[in-house]
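First the proteins, then the strands, lettered A, B, ... as listed; each starts at 1. Side-chain atoms are counted along with the backbone in the values below, which use heavy atoms only and exclude waters and symmetry mates.
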Amino acid sequence: MSKSLLAWYDKSAREMPWRVGPAERRQGVQPDPYRIWLSEVMLQQTTVAAVKSYFIAFTSRWPKVTDLAEALDADVMSAWAGLGYYARARNLLKCARVIASEHDGVFPQTYEALIKLPGIGPYTASAISAIAFDAQSTVVDGNVERVVSRLYDIHTPLPASKPEITAKAEDLTPPQRPGDYAQAIMDLGATICTPRNPVCGLCPWRAQCAGWAAGTHTELPKKTPKTPKPTRLGYAYVVRREDGAILLETRPDKGLLGGMLGWPCSDWNDAPEPAPPVTADWTEIGEEARHTFTHFHLRLKVLCATVDQNTTPETGNFVGKHQFMPKSLPTVMRKVWDLAKPTQG
DNA sequence: CATCCGTGGAA
DNA sequence: TTTCCAAGGAT
């Protein structure tokens, strides 16, 4: 089984900025654990296409884990802005600092040591030990869940089927080339055994695939239905001072958009109370900012005002006009700015 | 085990 | 327009 998959990978492996491909590996090239770790954290619930530019930006600015460990929190959060799941960025920095201070700047190699680190769970610990250190660890991500569900025609819905899938996946993992194998099974899921319209004609495992034989493969894996997203409302406040400075606040570390820059806002719920950060003459933007998060839709009314030079806001800090970078905002906040900007001159 | 936590592309 | 989903982790 693993042999046919590895043969397929040898000719079909995707190229990525962080990947040491099968040909390079055969020539003895070793992956850089820092780059594997960084890519794996960025890839958590995030597409390869979205990650690429962030990976290049991070590795250019912080080439080694010790460089990242010394970075300012605000710089890392700003560089992560737009990628989502911001707890990953906070944990990334924590993890880099633990490795710098407690591991002498050297990545631990074993699953047991890796999973103790912030932001590294079962999948990422397996992925780093397999891909960076060629250990016989089994990765079980969304791709593997789909491939294995189809291969064994597993009809139990996720997440209940996860233990069974993990057991099967472990049985499949070979002692030879486990790092290439881990990437191979994920590439298979990403390019052949896709959620919709799988390309079974090109699959190295089609002959052994119980789902293909049963004709059930396209329905798998089954998943427990998701609850519909409610809609929440809120107010966002864009304040400009007479010198052009702009009022922003750093959100608390915990919770939604934790640690990120944003506009002062009311609570976001069914019937929010207005919560202006200063006393001012507010102008409401005609169009609401709309954004969908993982578990709710949001509609924000955008209120703008200009205040004089000695204003002291109840929350947030004024940021200089030229220091303000919309790109350092999470997407919902950037949408607010895009609506407010025309009225700000 | 359930919930929370982003975003953008595809269909 | 809405839904689905992508190399998940923390609580």
Measure the distance from CG on A:Asp253 to P on C:dG9 and round it to the nearest whole Å. 20 Å
Using a 4.0 Å heavy-atom cut-off, does A:Ala182 contact any base of the nucleic acid, only the sugar-phosphate backbone, or nothing at all? nothing
Looking across every strand, which nucleic acid part, if any, lies under 4.0 Å from A:Trp37 by heavy atom: base, sugar-phosphate, or nothing? nothing
Calculate the interatomic distance between A:His291 atom NE2 and B:dG8 atom P; express it in whole Å. 7 Å
Less than 3.5 Å apart, which donor and acceptor atoms pair up between the side chains of residues 200-225 of chain A and the rest of the protein, not counting sequence neighbours?
from, atom 1, to, atom 2, distance (Å)
A:Trp205, NE1, A:Met1, O, 2.8
A:Trp205, NE1, A:Ser4, OG, 3.3
A:Thr216, OG1, A:Asp153, OD1, 2.5

Could you state the atom-to-atom distance from CG of A:Leu117 to P of C:dA10 in whole Å? 10 Å
Closest to the A:Glu40 side chain: B:dG6, C:dA7, B:dA11? C:dA7
Just say parallel, tilted or perpendicular for the rings of A:Phe55 and A:Trp18, cut-offs at 30° and 60°. perpendicular
Sugar-phosphate only, base, or nothing, as touched by A:Leu83 at under 4.0 Å among non-hydrogen atoms: base
Between C:dA10 atom P and A:Leu92 atom CG, what is the distance in whole Å? 12 Å
Counting heavy atoms from C-beta on, name the nucleotide in B:dG6, C:dA6, C:dG9 closest to the side chain of A:Gln44. C:dG9
Residue A:Arg196, side-chain atoms from C-beta onward, closest of B:dG6, C:dC4, C:dA7: C:dC4
Residue whose closest nucleotide on DNA chain B lies nearer the 5' end, A:Asn197 versus A:Thr46: A:Thr46
Under 3.5 Å donor-acceptor pair, A:Tyr123 side-chain atoms to C:dG8 base atoms: no
Between A:Thr124 and C:dG9, is there a contact of a side-chain N or O with OP1 or OP2 at under 4.0 Å? yes
Contact class for A:Arg14 vs. all strands (heavy atom < 4.0 Å): base, sugar-phosphate, or nothing? base
Find the distance between OG1 (A:Thr311) and CG (A:Asp308) and round it off to the nearest 0.5 Å. 4.0 Å
Would you jot down, in residue-number order, the residues of residues 138-154 of chain A having a non-hydrogen atom under 4.0 Å from DNA chain C? A:Asp141, A:Gly142, A:Asn143, A:Arg146
Just jot down the side chain to side chain contact (heavy atoms under 4.5 Å, CB included) partners of A:Pro174, sequence neighbours excluded, or say none. A:Ser2, A:Tyr181
Please determine whether ring pair (Phe, Tyr, Trp, His ring centres under 6.0 Å) holds for the pair A:Trp62 and A:Tyr54, giving the CA-CA distance in whole Å, both sets of side-chain angles, and the decisive distance to 0.1 Å. CA-CA 12 Å; A:Trp62 300 294; A:Tyr54 285 86; over 10 Å; no
Please report the distance separating the P of C:dA7 from the corresponding atom of B:dA11, rounded so that it comes out in whole Å. 15 Å
Let me know the distance between CG of A:Leu114 and C1' of C:dA7, rounded to the nearest Å. 15 Å
I'd like to know if A:Thr331 reaches the base of B:dG6 with its side chain, counting only an N/O donor and acceptor under 3.5 Å. no
How long is the line joining NZ of A:Lys162 and C1' of B:dC1, in whole Å? 13 Å
Contact nearer the 5' end of DNA chain C, comparing A:Met16 with A:Asn91: A:Met16
Any chance the side chains of A:Ser137 and A:Ser126 put a donor and an acceptor closer than 3.5 Å? no
Most 5' of A:Gln45 and A:Lys226 on DNA chain C, judged by nearest nucleotide: A:Lys226
Judged by each residue's nearest nucleotide on DNA chain B, which is more toward the 5′ side, A:His295 or A:Pro159? A:Pro159
To the side chain of A:Arg334, which of B:dG8, B:dG6, C:dA6 is closest? B:dG8
Does B:dT7 have OP1 or OP2 sitting under 4.0 Å from an N or O in the side chain of A:Tyr86? yes
So what does A:Gly258 touch, heavy atoms closer than 4.0 Å: a base, only the sugar-phosphate, or nothing? nothing
Quick one: which of B:dG6, C:dA7, C:dA6 gets closest to the side chain of A:Pro195? C:dA6
If the plane angle is over 60° it's perpendicular, under 30° parallel, otherwise tilted; pick one for A:Phe107 and A:Tyr34. tilted
Which whole-number value in Å describes the distance from A:Arg88 CZ to B:dG6 P? 9 Å
Classify the angle between the aromatic ring planes of A:His291 and A:Phe293 as parallel (below 30°), tilted (30 to 60°) or perpendicular (above 60°). perpendicular
Rounded distance in Å - NZ (A:Lys229) to P (B:dC5): 12 Å
Between A:Thr138 and A:Glu170, do the side chains contain an N or O donor and an N or O acceptor separated by less than 3.5 Å? no
